[in-house]
Amino acid sequence: MRLLSRTGRSLRRTLIQAVPTVIGIVILNFLLLQLVPGDAADVIAGESGSATVESMAALRKQFGLDQPVLVQLLSYLNHLAHFSLGFSPRYNMPVGELIMARLPYTLMLMACAFTLSLVVGIACGALMAAFARRWPDRAMSLVVLVLYSAPGFWVGLMMIVLFSVHLGWLPSGGAITIGANLGFWDAVGDQLAHLVLPSFSLACFFIAVYARLTRSAMLEVERQDFVRTAQAKGLTPFTIQIRHVLRNALIPVTTVAGLHLGNMLGGAIVVETVFGWPGMGRLALDAVMARDFSVLLGVLLLSSFVVIFANVLIDLLHAWLDPRIEAE
Amino acid sequence: MSGETSSSLASPAAVAVPFKPPVVRRGLSAIVINHPTFVVGLAILTVVFVLALTADILYPGDPMDMVGPPLLWPFQDMEYPLGTDSLGRDVAAGLVYGARVSLIIGFSAASIGLLIGTLVGAIGGFFGGLIDNALARLTELFQTVPTFLLVIVIVAIGEPSLPVMALAIGIASWPTIARLVRAQFRSLRQQDFVMAARSLGYSNTRIIFMEILPNALPPVVVTASVMVAGAILTETGLSFLNMGDPNLVSWGSMIGGGREMLRTAWYLTALPGIATALTVLALNLIGDGLNEIFNPRMRQR
Amino acid sequence: MTIEVRAQARQPGRSRTQTGLKTTLAALALCATALSTTAFSGTARAETATMVMATEPPTLVSLTNVATTALGVSAKVTEGLLEYDENLNPKPQLAIAWEVSPDGLTYTFKLRDGVRWHDGKPFTADDVAYSLNLLKKVHPRGRTTFANVTSIDTPDPQTVVLHLSKPAPYLLKAFAAAETPIIAKHIYENTDPASNPNGNAPIGTGPFKFKEWSRGNYIAYERNDDYWGKPDPKIDQLVVKFIPDAAARSIAFESGGVDFGYRTPVALSDLERLKKLPNLKFETKGAAYSSNVTRLEFNLDNPYFKDHKVREAVARALDRKVIVNTIHYGAAIPTSSPIAPGLKAFHDPAPSPYTYDIKAANKLLDEAGYAPKEGKTRFHVTLDYNPITTEGRRLAEYIRASLSRIGIAVDLRAQDISAFVKRIYTDRDFDFTVNGASNLFDPTVGVQRLYWSKSFVKGVPFSNSTHYSNPEVDQLLEQAAVENDPVKRKEQFRKFQEIVGRDIPDLNLVQPVFLTVHNTKVHDLVTTADGVEGNLAHVEIK
Amino acid sequence: MTAPASSAPARSEPHAGNRLLDVRDLCVAFPGHLAVRGISFHIDRGETLALVGESGCGKSATSLAVMRLLPPGARIAGAVTFDGIDLVQANERTLRDLRGKRMGLILQEPMTSLNPVLTIGDQIAENLMRHEKLTRAQARARTVELLDLVRIPDPARRYDDYPHNMSGGMRQRVMIAMAVACNPQLLIADEPTTALDVTLQSEVLELLDSLRRQLDMALLLITHDLGVVAQWADRVAVMYAGNIVEKAGAHALFENPAHPYSRGLMGSTLRLEGGGHYTSQRLTEIPGTVASALHEPGCNFAPRCALATADCRIAPPPLRPFEGRQVACPVVTQPSKEADRVAAGR
């Protein structure tokens, strides 16, 4: 019950807060994008390798580029008011539909990478805290630091060479094995097999972040008095580490977890390019190249929603973890 | 109870303490011994700095010049110890000049980010009220937009060159600092020394920069090293997507250039990757070390 | 009694924590690997051919947008009147017979009977007439290709007659499926061709029917069971997969993830290694329909490149052998003629008068009055390069290194395709640029636009970017456009190549050789001039 | 305040059976600081021993050393025998089976010594289930009984409360319930009431003592508050700078403190019975500070001691029997006129 009332309240509060942020994002990016040289018509002509004056004019009219900027902004905002993300002339389909085709893949990749980084990160953090100041801690800290320092896509590339080419365990890219019309479970297995490398490549930076965070949080908690009380009860160290120390250390970790979602989505762009993963990140990149601003704004909006919504979830997790919050 | 047996009034020493209590070291030797990681980080960074500074002396020619046969493996031809890339350019020269580019971008982007972030955080944190709310919304806005995408758009606006990239990464990375400084200012604002400064009639700006900022600096300094590391990683990402500055050899452009030959000449991707990882590792180690030095409580462990 | 001091250094009860956490981590790693190995060995698949492309096409019908990616997929569903052999001689497709009047002003096509659209409606001459008229209006090259066509009439459902105001010797080679797609009148009539949903879910007469397009992931086509060319096609499903990363594409070929790809789908640097693999084959045929030329285009309004001596010096500073071997790893043909070697009928193999000679280049620059200042640099210029191909950048880097040897300091400028097109063709804010242009199927359509002074129009990409205007060349091009006699036409183009070769408004460097890479189990992949851009009706998996 | 019901028999021959905890020459060192410098004491079953001294004299370190809960950096030496088991040599497993089951610990700061994210009931039940092998339901029932035992109102409902829902006094009761859950033989209370206000102090101590009698537990009471010692302790050990300077029966110590430091402590405490008014009676001060005396070769208290002689500075004085107690001061234990004069002058 406590959680339910809390959900309603925090959802409402975040949504109210979210509206100005979203409007801000739209306007800021719309103006920013006007400064980008070249427009969608140039792109199509560039790709086609030929054009005539008439075909360029026709394209510009079709893209609505011949109207003044303000009119374009207002038409976009009124589209938004009707909950439609506008129409993408380049892909010749509504932006909403285009993004919805890519959104599940990005959500899958993000969810997988986020859980992987949290679970593995916290496990490593706990292990490092358990062995504090001895060789396992030093060794793992170094490994974690290397993960933290190496460029994500470089790790991805190296993993492709190792796991896909030499060992052949995992597919080198793409989202599913097409045309293999596998049974349901095989399809799920196949999807997971494709998901392993990209999500680890995206997650490796964040595993390091959460591991270091958990380690310092746990070392902090270990100095508290109630840990001594627990020891005085003769509990096994494993129970103490998990039930008492980790349980309290998770609170500072979850507060920070939400902050990294923004740049995890950014990192997804490069990972999606390396693994040919049909996510929103690459769509956004292509949209910038293709100067298809309605698609780019659509992606920016949806990714902001994903980040805001995820923060609401994290806020709930935080409240569940820390009963003191409810007393506010 | 080791030592003598009990005897007359002279009485034995109550008990000779059987071990020497561990000694706590002070001063410079303390830093070296208590924080090996910090020293290692500093050492690596100095090596990279020296390489970057002496690039002209080590490799006087233009690193992008096609000097040798293409695709030489490292140590295959001692004239090019680390081999050559697909266009016959010396990889070693590329790494050395790349160090210069990466450091320049790293530090300039971080300083832009620091500048904006500190200003926004300080003003927001200090004045509070409407300004703080607006600035907080702005920070949040920049935080929700995927940072990398913002960098790409800014680089697409300006032409992909060193200054534009540094500006783009700086603009995309200031929110982290803003949040940190704002939190610091909000807590430091209520401290007594601020009341005292106010009572002496100091102006707000003087209080912000001369009184509160020095106290808010330690965590900022620690995050600064992490920001430099982040900037270098973002630059490699940009160059990897062929958005880097074509007139400069950077580690990112070398990784990007070597990407196609991943199957055959994987050293073209591996070497700059390791160089990047090492430099970023050094910066992170320094960040950790600074954190421990500034944070005495940690030292007693 | 000595008390052995037990160091309290270990927090009491540490050993149990280590073992507890260690076991959970080991278990986690174990199940991850188990899961992946079982799933990946998929069951046997119905006969499917998988084609790989680097980027996703904007549309599936090359009607209003002829991006190379669109050309790659359009013909599978939307066929053309004719197809062509390696020497561009026409062969029947939707048209079974064709006749050109001696004066070249009337073209008559006899259409195949009993052909049906995928939605079951019959295919008739009205569809062809409607298509050609629409192409003339909306197709990026339609205006020039069908410029002389004044009217099209359909005496009976199986016959189409084109009437021309002036002869168009190149027209008969324009009817390939990807270049001139024949679309269904009942689908496109009174709709806006650019935003017609058929572009995303095409209905045509081709061997494959559109099944599904998962954006950013793949396009799936299924066999058209009542295709007019029975027993083709011999495969049940054609899948087009998008892999943006070159290294990943090489890996896909090696691991059998994809069956074939065209326009050199793998990294050039990987060619040597991949050629040793037993399960891969490399085909040079199938690229005759659109031979590309990589060129260095001078902006003749630029103070330096206005001077012929400077252009000649640059010409003498570039070694085409190095470009072929180092930049293209051997997969290119050196050329100095504006007409690509691929257009065998018109290409003049005569070598350029300006051979590779660094000393002569330096002398020319001295004569032109640009003495080197403080030792080395004569002057600074900026080189823009077309970002679409990776070779473009590497060629720019080669030019920069070569010109530094004759004292010209070159700064490279990178931008994406849209900024590049705007800078070169609209703003004309460039010194010289590395660019590529396709000669297409005939010099009048593919080459004339680059050298004809009237085609210098601001804002129109791939027009006369050098701003070259030579009345004699204009006259030759205009005559060849309407010259019916092939011998005279060949001579006109030979003379054109000689003049341009001397004026060098731009330097034609190499013609990249587009390789089609396919698995050995794929047969009859390349049977026409446009190769994989054709309808792949005869493809078989054995 | 009533005098302690009965003080333990005067120093009598230690009969092994009754001996619960025997500490011999215990040393504890932290990095850079020698906290405990070789102390010895014992506790018999059902007896309350108070360890009293200023803060920093090593009494808390001693309590943690007994339960082997010192932080990793610390070093320990000497022998601590608990019911026949030498805790210094014992391995982790035996120690863990002892803690909570046969030894209970109560910490000083109720605000921070309970896990904020677990209910108080779970934290008590945890101790029961660890040692008594009870099912969850049985443990819950037993916990409710325990909460009732420590006089927490409406225990069934309060089981599911979190620490932040309860007051300081309540939380200390929960700590006590937790410590006595498995009916331990020895209870160690490290300044259990220092953080509470006075009214609560006596309530908690009275509860502690009644439980001690009910469950026949020995109590090692660590405090700096002489009032607490006088009222609740059977025997007292006075600690100064890591050493025990005097061990005596509580009653005897208050009647006639022998060691100069004990006397100084007594002098600096307000005595109500004496009827003295603050205007007439000055509280005596002990000159100097603990730190200043730390590194002296001989008796640590010498620099601050009025009776200090040359002998005191040679070697740290051992505990020697004197008037039915043990005192570590050569001057006091040696029958000389000058000592008597000073003693009489008090």
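Worth saying up front: this structure is predicted, and the values here are computed from it rather than measured. What's counted below: heavy atoms across the whole structure, side chains too, no hydrogens, waters or symmetry copies.
Considering CG of C:Asp416 and CG of A:Asp42, their distance stands at 10.0 Å, rounded to 0.5 Å.
In this structure, the portions of A:Ala45 lying under 4.5 Å from any heavy atom of chain C include both its backbone and its side chain. With a threshold of 4.5 angstrom between heavy atoms, A:Ile240 does not approach chain C through any atom at all. The part of A:Met56 that comes within reach of chain C is its side chain, from C-beta onward, which places non-hydrogen atoms under 4.5 angstrom from that chain. No part of C:Asn386 comes within reach of chain A, as not one of its non-hydrogen atoms sits under 4.5 angstrom from that chain. Contacts between C:Thr59 and chain A at a heavy-atom distance below 4.5 Å are absent for every atom of the residue. Residue contact with chain A, scored on non-hydrogen atoms closer than 4.5 Å, is absent for C:Gln415. Both the backbone and the side chain of C:Ala419 have a heavy atom closer than 4.5 Å to some heavy atom of chain A. Contact annotation for C:Arg449: only side-chain heavy atoms (C-beta onward) come within less than 4.5 Å of a heavy atom of chain A. Proximity to chain A is absent for every atom of C:Thr55, based on heavy atoms less than 4.5 angstrom apart. A:Asp39 touches chain C through its backbone: at least one of N, CA, C or O sits under 4.5 Å from a heavy atom, while the side chain does not. Neither the backbone nor the side chain of C:Ile243 comes within contact range of chain A; no heavy atom of the residue lies under 4.5 Å from a heavy atom of that chain. In this structure, no portion of A:Phe275 lies under 4.5 Å from any heavy atom of chain C.
When each of C:Gly142, C:Pro244, C:Ser438, C:Gly446 is scored by its heavy-atom pairs under 4.5 Å with chain A, the top score falls to C:Pro244. The residue among C:Val66, C:Val421, C:Ile424 with the most heavy atom pairs within less than 4.5 Å of chain A is C:Val66. In terms of non-hydrogen atom pairs under 4.5 Å with chain A, the most contact-rich of C:Ser455, C:Ala437, C:Pro461 is C:Pro461. Ranked by heavy-atom pairs under 4.5 Å with chain A, the first of C:Pro57, C:Ser418, C:Ser195 is C:Ser418.
Across all their heavy atoms, A:Gly46 and C:Phe462 have their closest contact at O-CE1, 3.5 Å. Shown here for A:Met289 and C:Ile417, the closest heavy-atom pair between the two residues is O-CG2, 4.4 Å. Annotation for C:Lys422 and A:Pro37: closest pair CD-C, 4.1 Å, computed over non-hydrogen atoms.
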